[in-house]
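Read the structure below first, then the notes.
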Amino acid sequence: MDVLLNDEEEMIRDSVRQFFDAECDMLRVRGIEDGEQRSDPELWRQLAELGWLGLALPAVYGGSEAPFTQLCLLFEEAGRALAPIPLHPHSVACLTLAEAVDRGDCGALAETLLSDACLGDCLLTWAWSERLPNIGPEAVGLLAVADGNGWRLHGQKRFVEAFELADYCLVAARTEATGTSDEGITLLLVDPRSDGVSSTAQLSLAGDYHSEVRFENVYVAGDAVVGRVDEGWALARPMLERAVVLNCALIVGATRRAAERAFDYAKERVAFGHPIGSFQAIQHTCADMITWVDGAELLTREAAWHIAQGLDAALPAAAAKAFTNERCQAVLREANQIHGGYAQVKEYDQQLWYRRAAAWSMRLGTSLEHRRTVARAIGLV
Amino acid sequence: MDVLLNDEEEMIRDSVRQFFDAECDMLRVRGIEDGEQRSDPELWRQLAELGWLGLALPAVYGGSEAPFTQLCLLFEEAGRALAPIPLHPHSVACLTLAEAVDRGDCGALAETLLSDACLGDCLLTWAWSERLPNIGPEAVGLLAVADGNGWRLHGQKRFVEAFELADYCLVAARTEATGTSDEGITLLLVDPRSDGVSSTAQLSLAGDYHSEVRFENVYVAGDAVVGRVDEGWALARPMLERAVVLNCALIVGATRRAAERAFDYAKERVAFGHPIGSFQAIQHTCADMITWVDGAELLTREAAWHIAQGLDAALPAAAAKAFTNERCQAVLREANQIHGGYAQVKEYDQQLWYRRAAAWSMRLGTSLEHRRTVARAIGLV
Amino acid sequence: MDFGFSEENERFRAEVRAFLAAHVSAEVVQEMHDADAGADVGPLTKALIRKIGDRGWIGMSWPAAYGGRDADIIDQYVFEEELARARVPLNLGNFIEQAPAIMQAGTEAQKKYFLPRLVRGEVTFALGYTEPSGGTDLASLKTRAVADGDGFVINGQKVFTTRAERSSHIYLMARTDPDAAKHEGISIFLVPMDTPGITVRPLWTLPGGRTNEVFFDNVRVAKDTLLGEKNGGWHIGASALNLGRAGARRYCIYVSPFEDLLEYLREDEIGQEIASDAAVQDRVAELYCEAQVARLFTMRSLSMVRRGVNPPYEISSEKIWGPEFQVRTTETASQILGAYHQLWQGETAPNGGSFPRQYVNAMVSTFGHGSTQVMRTAIARRGLGLPKD
Amino acid sequence: MDFGFSEENERFRAEVRAFLAAHVSAEVVQEMHDADAGADVGPLTKALIRKIGDRGWIGMSWPAAYGGRDADIIDQYVFEEELARARVPLNLGNFIEQAPAIMQAGTEAQKKYFLPRLVRGEVTFALGYTEPSGGTDLASLKTRAVADGDGFVINGQKVFTTRAERSSHIYLMARTDPDAAKHEGISIFLVPMDTPGITVRPLWTLPGGRTNEVFFDNVRVAKDTLLGEKNGGWHIGASALNLGRAGARRYCIYVSPFEDLLEYLREDEIGQEIASDAAVQDRVAELYCEAQVARLFTMRSLSMVRRGVNPPYEISSEKIWGPEFQVRTTETASQILGAYHQLWQGETAPNGGSFPRQYVNAMVSTFGHGSTQVMRTAIARRGLGLPKD
């Protein structure tokens, strides 16, 4: 037991941070936010070249087979840097494909995509939630009706990241009309440019886009299945846990940076003849901020460690997300309060961290939903 | 609209406070807590003589017919003084009897008891909750089986105040086996010394006693009914609302005093070369404390005003209680924190307010239960 | 204690409601939103303000001698509450925020000039307090006004000067004696915004609105722009600021995210499904109780003002509780609505994206017009008598 | 990052569990409760402590030279966790709280004398820091030790001196140079409690336990009771206090009300009914998440100590989060269990009345051993480098 980073982890954290410090300044972040492009292709290419896109993927596809804990550190740094790239949806989809291949439940398409994904030549995303913002199996209603060897999709998905940019989207559908249970779900790789697919990208608080995707009689071939037919939940559950933990890592990374900026500001800014950071009220607020973000980080890393160890991560992932959502919002709020009016001003940088981390904390399940999961896991339900 | 006290209200508040200041010091409070007696008969007699016991009761029984808002002020002061008398259960029962008589739904027994109650010659209490600490109609399960003109009671009540001291106890029973609904409830006056009644008094955090009362085939005559048979909820609902608001008034009164003691302590106590009240952290805490207790007081008084006006008080009473329970506990907690170790010491007085106000905040419905009522009233359920 | 409104108040409420129903169109509301986002004040807005001014509803509780109506302050509360309920984003409070100070400290000529025009909406003030280096430490301001001939010459910079681009005047705090103690060398000037040497630069804010930096470069003003005593400005400002914090409008701002949330959960189909969870109900009911406290604190302050009492700490309590409640509401709402709460635009964004706007907007209340830190210190010292360091 | 326990740790855990199952009886636990309520330490307790000491489990992570076992600090964590899980109210941490300071600052003779005896439970210290006028401002202490011949004469008073009545020694902070700067004239003495002139007066606390006032009236002590340099006591004390805050025992105290609540809701019939409300589940799940943070902060501190790092702020974070969580738990529990939560005695009181005891007990953690205010300041200054006034 040693919850601190080991040498290898520190090395990874430091080199990722150096990379982002050098390549991803706020001009670049603002460039994507204010421009036409929705992702920075140059940054993406650089990440691929340095091997970061394949960090936790199997060596056979060009990955480094690093444990999930190290991927988690990469995400903390990506969050810290506000890297304007679809690292999250891409990684979630890639990890799920790799898991399916590893289980022997996947065809050749997935293997090709994984090789391309490590090289940065193929961008993947995934689609789960629909009408409600939930991430339990009850969220999946999209119908997949058998048609020969393949299926016909009828329905919609909401809150899909980078859908218009992606080469493939891993879509959760109901191949059996089992209502809201975890049976009868199948994961399918869908080309966003398929006939019958349409989408509307909606601007989020983070400045990126969440798409609403409609499927009207969309044909998907049999080899598009990832995992087993009707038993998609077996793969989806770890997918969702990974998605949740990586989302927490992004939030924690960005929130810590927002807090550090506030600490720095408190040291410099003078009011009533003293740096405001010398006032007890500000000092105690800062003490709470670091305590909360540290707590979120430890919960997140412990959940990542469970995943890396192959242990059941449902409880620690839900606990991390429930806590991180709320406490990181609180840290951001206090960081704003320290900055005062400047926190509101667009041309001042603080808001970049604030908006993104806050928006991320609203994704992938509310704290209320995750606490339901916790309550179930600790035997209250 | 003027939410401050008017001249008459200020006069009542001041004269009650003067009375308690003169007659109810902490020696007297500790005397009852540490002694054999469970109530101070001398204080009770004085209150009766000064007419306070009949403050809000009809003139025909010797009362002053003051509006419920003024009774609320009396309770704030009784809470402030920690008066060791069963004012709360007695007043709740008396108000309900008076209401029943006013509706023409009550026999001669109630009228006699009311006259005696105003004189301090008869002590009343009431019994509602049983297995669960709830105060909704679902809490009532005690069976009343018809027997001639009367009933036979089978079952139990919990959390009954001053049961062993009381001359009569207003008991809620099910005269129709309607399960948990608000139909089939009847209120009955039971003599605690009746055959088949037994009770166990259990020491509470407040230092007073809550009794568990068992009814084994207890005969109650037909003239013991208060209100209408099977329609007791019509009377019980306002009874519970009054009970809740008066409970809030006790909490608010005691909590404000606990807070004032902490403010005084913060002005006197020196640490690090300054009165601790000059530190920003203490100042800001004190600012929150006064804000919270003021909020609880305003909610409580607004609910009392609704009752006094004959308006529906379900929502304001539930809101007052949900808020008061939690925020007054927070005020008490911070007051303790300001006092440091002394807050823990029995021979130091601060704990007297702390224990009582905290215990009261645990009675008559949890904040969760009252928020359910609020949610229903605002159309969420 | 009387928590109800009188028959007269209720009659007036009905009158206001009828007026708003008749005269407020979707177009004029849109015009106001556009103006908040930087557009010029539109003709419909101007016409509506004129109609409101004609009815004497701006500054209605003032003395008739100054263009008011001698009305019950509760009527003003009712009016502001109705304006907020009708979701008219018109801050009439801003129109008259400086009026108490002018009434208190102004010359007869200033009162005669400004007060009727404020009430009619012909004169509007931007608030020239905050400076880049100052923040909540207002008294450290560096903008200088130097006596020069018959007037003053002003140099310096203000920031977060909302509505500077569309106000006729700025209510300016400037230092007139740099050698005096911090609070004693400050004066207030009522400066027309079209005075040469004033430059306004927009600062765009997160919810999409505009505030400004205002630069003063050798701005020459007449002597009669001075309000009250030279070097006595701090004390005028402080009392006006305290009174300016009372009123229904702020309370309505504090609770508006809660009302939006409640409406969505009660009336939207998805909202209803989300609200079927008892845990959601519990959290929303908790917010409801807290909203009532925000309302009651406002009612308490008004009750005191109406009795002629300048509340020693109660307005500060209101100004802590309300803003922090507002922030808490948006954070709680974000964990009830989840991904819907972050949709800024688009057809699936509830209320056209108002939730994330409420979220980023809520914080303004916690530092605008006196931060919650400053308010807490004021309560402790002025309200509870805790000692200064 | 490694959040798991090694096989060795798990093997040791099994050994401890087996030991506790074999040697902890209801009687000995009752004896300990009685001792906390002021009775003498009973024979069963003494025997159990001896057995634990014989196995080398007191101070097990210390150097063997001082009677320790050179064991992994994680084993110590495991041991303390198991002790807490078995609900043995035995604070072995208190036995050795002063050991780091003695190891760091003591003479060879002091180490040889005290350390093995601490480990065997033969010497126990009461902590003589706090004074009536001092509170968390330890350094303002007024108890005086005046050099006199070959030793010192001590006069003064301590308060909240828990276990003073049953400790062999007091770890006493006293002022040896009243003219030096506040922190520089303080020394530490290891004083036998049976030294003439020491009087102990009980102070009874809300949960029913005993603490004390200790009076020093011309108490004459030998020179070798001085620990470390004369006038250098503050710096020994501060570092020992920081290390004394780490370890599983405190974390177990912080989370024990939560574990009691959870057990009641899961296993009691009425508890189960109460827990069927989704809103209750939500609040309890929230507490669960927060409890994990308390645990993880402890694991982080231990990880640092194990690497030889004296944590700059992390132990203070632990000491804020844990106690405030503990208080929050009891307050939340009180609004879940309602009237049951205030039953102090009686057959319907859940767990024999432990809930209200947990309630009044929780606050102690927020000011004992350094208040949360002092901790927050320490984090801001030492951890984040925020400036002193």
Side-chain angles (χ1 to χ4, degrees), chain B residues 1-6 9 69 72-73 259-260 263 266-267 274-275 277-280 282-292 294-299 301-302 304-306 308-309 311 315-316 318-323 326-327 367-368 370-381, chain C residues 1-6 9 72-74 77-78 262 265-267 272 275-276 278 280-286 288-297 299-304 306-307 309 313-314 316-318 320-321 324 372-373 375-381 383-389:
Chain B
M1 197 270 280
D2 183 334
V3 306
L4 309 173
L5 302 191
N6 62 30
E9 289 161 347
T69 38
C72 190
L73 295 176
E260 287 171 0
F263 304 152
K267 288 174 197 169
H274 301 271
S278 70
F279 295 124
Q280 215 182 19
I282 300 284
Q283 292 197 343
H284 288 196
T285 299
C286 291
D288 283 335
M289 289 162 68
I290 195 71
T291 300
W292 299 338
D294 283 357
E297 182 183 279
L298 284 164
L299 283 169
R301 290 181 177 178
E302 187 175 47
W305 179 82
H306 272 79
Q309 296 288 310
L311 301 169
L315 175 56
K321 178 73 170 146
F323 186 92
E326 298 191 341
R327 292 287 170 167
S367 290
L368 282 154
H370 287 287
R371 286 197 292 264
R372 268 204 302 279
T373 303
V374 168
R376 226 175 292 125
I378 62 176
L380 272 177
V381 185
Chain C
M1 50 181 113
D2 178 3
F3 291 82
F5 293 95
S6 68
N9 298 143
D72 186 355
I73 196 174
I74 307 302
Y77 174 98
V78 165
L262 189 59
L265 294 176
R266 284 201 295 215
E267 289 167 29
Q272 286 169 354
S276 68
V280 169
Q281 294 162 14
D282 181 56
R283 301 275 171 179
V284 176
E286 186 171 26
Y288 171 86
C289 300
E290 297 179 357
Q292 303 322 301
V293 173
R295 175 179 55 76
L296 288 166
F297 279 162
M299 289 168 78
R300 178 175 63 170
S301 302
L302 284 180
S303 301
M304 296 178 86
R306 198 175 182 222
R307 288 188 184 195
V309 178
Y313 75 89
E314 289 78 358
S316 298
S317 277
E318 197 183 333
I320 291 170
W321 182 263
E324 294 187 349
T372 48
Q373 280 91 348
M375 294 292 144
R376 282 193 167 84
T377 302
I379 294 173
R381 300 224 182 116
L384 308 177
L386 292 180
K388 243 192 114 136
D389 215 12

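Lettering of chains follows the sequences in order, A, B, ..., and the numbering in each one begins at 1.
- Just one of C/Arg306, C/Arg307, C/Arg300 meets the side-chain hydrogen bond (donor to acceptor under 3.5 Å, both in side chains) condition when paired with B/Asp2; it is C/Arg307.
- Summarising the geometry of C/Glu290 relative to B/Phe323, their closest heavy-atom pair is CG-CE1, 4.3 Å, with the distance given to 0.1 Å.
- The candidate from C/Gly385, C/Ser276, C/Ala294, C/Ala378 with the greatest count of non-hydrogen atom pairs under 4.5 Å with chain B is C/Gly385.
- Here the straight-line distance linking atom CZ of C/Arg381 with atom SG of B/Cys286 works out to 12.0 Å at 0.5 Å rounding.
- Side-chain contact between C/Val293 and B/Leu298 is absent, with no heavy atoms from C-beta onward closer than 4.5 Å.
- Across every non-hydrogen atom of C/Ala285 and B/Ala375, the tightest pair is CB-N, 4.0 Å.
- With sequence neighbours left out, B/Ala304 forms a side chain to side chain contact (heavy atoms under 4.5 Å, CB included) with B/Phe68, B/Thr69, B/Cys72, B/Val245.
- Among B/Thr373, B/Asp288, B/Asn6, the residue making the largest number of heavy-atom pairs under 4.5 Å with chain C is B/Asp288.
- Partners of C/Gln292 by side chain to side chain contact (heavy atoms under 4.5 Å, CB included), not counting sequence neighbours, listed by chain and number: B/Leu299, C/Tyr288, C/Arg295.
- Of the atoms belonging to B/Glu326, it is side-chain heavy atoms, and not backbone ones, that fall under 4.5 Å from chain C.
- Looking at C/Arg266, its side chain does come within 3.5 Å of a backbone N or O of B/Ile378 through a donor-acceptor pair.
- Within the 4.5 angstrom heavy-atom criterion, atoms from both the backbone and the side chain of B/His284 approach chain C.
- Looking at heavy atoms from C-beta onward, B/Arg301 lies out of side-chain contact with C/Leu296 at the 4.5 angstrom threshold.
- Contact of B/Arg327 with chain C is made through the side chain alone, with heavy-atom distances under 4.5 Å.
- When the candidates B/Ala287, B/Ser367, B/Pro275 are compared by the number of heavy-atom contacts under 4.5 Å with chain C, B/Ala287 comes out ahead.
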Next on the checklist: Evaluate B/Arg372 against C/Gln281 for side-chain contact (heavy atoms from CB on, under 4.5 Å), listing each step before the verdict.
Outcome noted: CA-CA 7 Å; B/Arg372 268 204 302 279; C/Gln281 294 162 14; 5.7 Å; no

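- Of the two parts of C/Gln272, neither the backbone nor the side chain holds a non-hydrogen atom closer than 4.5 Å to a non-hydrogen atom of chain B.
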Next on the checklist: side-chain contact (heavy atoms from CB on, under 4.5 Å) for C/Leu384 and B/Met289? Distances and angles first, verdict last.
Outcome noted: CA-CA 11 Å; C/Leu384 308 177; B/Met289 289 162 68; over 6 Å; no

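- Looking only at distances, no side-chain donor or acceptor of B/Glu302 sits under 3.5 Å from a matching main-chain atom of C/Phe3.
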Checklist entry - Please walk me through it: do B/Met1 and C/Ser6 pass side-chain contact (heavy atoms from CB on, under 4.5 Å)? => result CA-CA 7 Å; B/Met1 197 270 280; C/Ser6 68; over 6 Å; no

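- Only the side chain of B/Leu73 comes within less than 4.5 Å of a heavy atom in chain C; its backbone stays farther off.
- For C/Arg283, no part sits under 4.5 Å from any heavy atom of chain B, backbone or side chain.
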Item to check | Test log, rule side-chain contact (heavy atoms from CB on, under 4.5 Å), inputs C/Met1 and B/Leu4 | outcome: CA-CA 5 Å; C/Met1 50 181 113; B/Leu4 309 173; over 6 Å; no

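- Here B/Asp294 is the residue among B/Val374, B/Leu368, B/Asp294, B/Val381 with the most heavy-atom pairs under 4.5 Å with chain C.
- Of the listed residues (C/Asn9, C/Leu262, C/Val280), the one with the most heavy-atom contacts under 4.5 Å to chain B is C/Leu262.
- No side-chain heavy atom of B/Gln283 sits under 4.5 Å from any side-chain heavy atom of C/Arg376.
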